[in-house]
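Nothing here was measured: the structure is a model prediction, and the numbers come from that model. The analysis underlying the following values was restricted to heavy atoms, covering all of them including side chains, and did not include hydrogens, waters or symmetry mates.
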Amino acid sequence: MKTVKYSLSDSDIEAITFALSILPSLGLDDNKLQAANNYQLCTSAGAKLISRNFDISDNEARVISCALQAVQLINSGGLSFVSSDVKKRCSNYLFTVNKLVSVLGL
């Protein structure tokens with residue numbers, strides 16, 4: 001995995017933790033085992049970011065990437081099955097998520 005040198009702001013961490021919080025509910029996993037693993041990775045990555053521990057594993061980085069891309073897809077209308085409430089909450093992070101996806105090369 002490539003190394004990215006970027007200092008996360010408070011708003012970046014808020015956007016990422018939001019994305020991690022909704023990813024498991026989207027049902028994008030292939031099976032229950034993958035869903036359980038991804039849920040645990042979302043939880044551990046979110047906890048690390050909140051405590052400013054940036055020792056993120058490759059798998060935690062993967063779920064962060066997936067979560068940000070999912071929010072970006074929701075904001076662009078690419079995941080139409082998502083509720084209007086979730087769409088509205090995702091729109092609050094439109095600019096920050098787009099910036100992060102670009103900066104992180106996702």
Side-chain angles (χ1 to χ4, degrees):
M1 179 161 259
K2 71 179 180 176
T3 301
V4 177
K5 298 221 182 226
Y6 177 76
S7 295
L8 294 173
S9 68
D10 289 343
S11 62
D12 294 337
I13 291 172
E14 182 181 341
I16 294 168
T17 55
F18 166 76
L20 290 168
S21 76
I22 67 160
L23 182 64
S25 68
L26 298 176
L28 301 173
D29 310 289
D30 290 334
N31 56 59
K32 289 182 181 184
L33 180 59
Q34 182 186 33
N37 287 337
N38 287 341
Y39 176 80
Q40 180 57 42
L41 289 165
C42 286
T43 302
S44 65
K48 284 180 180 180
L49 291 173
I50 289 169
S51 66
R52 299 271 190 209
N53 173 1
F54 299 116
D55 185 23
I56 303 292
S57 73
D58 287 347
N59 281 328
E60 289 167 334
R62 178 185 55 80
V63 295
I64 289 169
S65 172
C66 291
L68 290 171
Q69 290 178 50
V71 171
Q72 192 175 47
L73 275 171
I74 292 166
N75 283 331
S76 67
L79 294 178
S80 57
F81 61 86
V82 176
S83 72
S84 58
D85 177 57
V86 170
K87 288 178 185 178
K88 182 178 179 185
R89 291 175 29 218
C90 287
S91 70
N92 293 329
Y93 299 98
L94 174 74
F95 297 110
T96 304
V97 167
N98 287 343
K99 174 191 73 172
L100 287 167
V101 167
S102 176
V103 166
L104 301 175
L106 308 177

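Both Leu28 and Tyr93 belong to a common hydrophobic cluster when Ile, Leu, Val, Met, Phe, Trp and Tyr are linked at side-chain heavy-atom distances under 4.5 angstrom. Phe54 and Ile64 fall within a single hydrophobic cluster, where Ile, Leu, Val, Met, Phe, Trp and Tyr side chains are chained together by heavy-atom contacts under 4.5 Å.
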List the atom pairs, donor and acceptor, that lie under 3.5 Å between side-chain atoms in residues 97-104 and the rest of the protein, sequence neighbours left out.
{"residue": "Asn98", "atom": "OD1", "partner": "Gln72", "partner atom": "NE2", "Å": "2.9"}
{"residue": "Asn98", "atom": "ND2", "partner": "Leu94", "partner atom": "O", "Å": "3.4"}
{"residue": "Lys99", "atom": "NZ", "partner": "Tyr6", "partner atom": "OH", "Å": "3.2"}
{"residue": "Lys99", "atom": "NZ", "partner": "Asp12", "partner atom": "OD1", "Å": "2.7"}

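Between atom CD of residue Glu60 and atom CG of residue Leu20 there is a gap of 9.5 Å, rounded to the nearest 0.5 Å. Phe18 CZ to Leu23 CG: the interatomic distance, rounded to the nearest 0.5 Å, is 11.0 Å. Summarising the geometry, atom SG belonging to Cys42 is positioned 12.0 Å from atom CD1 belonging to Ile16; distances are rounded to the nearest 0.5 Å. Rounded to the nearest 0.5 angstrom, Ile50 CD1 and Glu14 CD are separated by 10.0 Å. Separating the CD1 atom in Ile74 from the OG atom in Ser91 is a distance of 10.5 Å, to the nearest 0.5 Å.
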Inset, instruction - Could you walk me through whether Asn37 and Asp29 pass the side-chain contact (heavy atoms from CB on, under 4.5 Å) test, one step at a time? - result: CA-CA 10 Å; Asn37 287 337; Asp29 310 289; over 6 Å; no
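In this structure, Val71 and Asn75 have side chains that are in contact, with non-hydrogen atoms separated by less than 4.5 Å. With contacts defined as side-chain heavy-atom distances shorter than 4.5 Å, the pair Asp58/Arg62 does not qualify. Annotation: side chain of Leu49 is in contact with side chain of Ile56 (closest heavy-atom distance under 4.5 Å).
Considering every non-hydrogen atom in both Cys90 and Ile22, the closest pair reads SG-CD1, 3.6 Å. Taking both residues in full, the closest heavy atoms of Pro24 and Ser21 are given as CD-O, 3.9 Å, listed atom of the first, atom of the second, then distance. Here the closest heavy-atom approach between residue Asp55 and residue Asn53 is recorded as N-OD1, 2.9 Å. For the pair Ala15 and Thr96, the tightest heavy-atom approach, listed with the atom from each and the gap, is CB-CG2, 3.6 Å.
The ring pair (Phe, Tyr, Trp, His ring centres under 6.0 Å) analysis of residues 28-48, with sequence neighbours excluded, yields no pairs.
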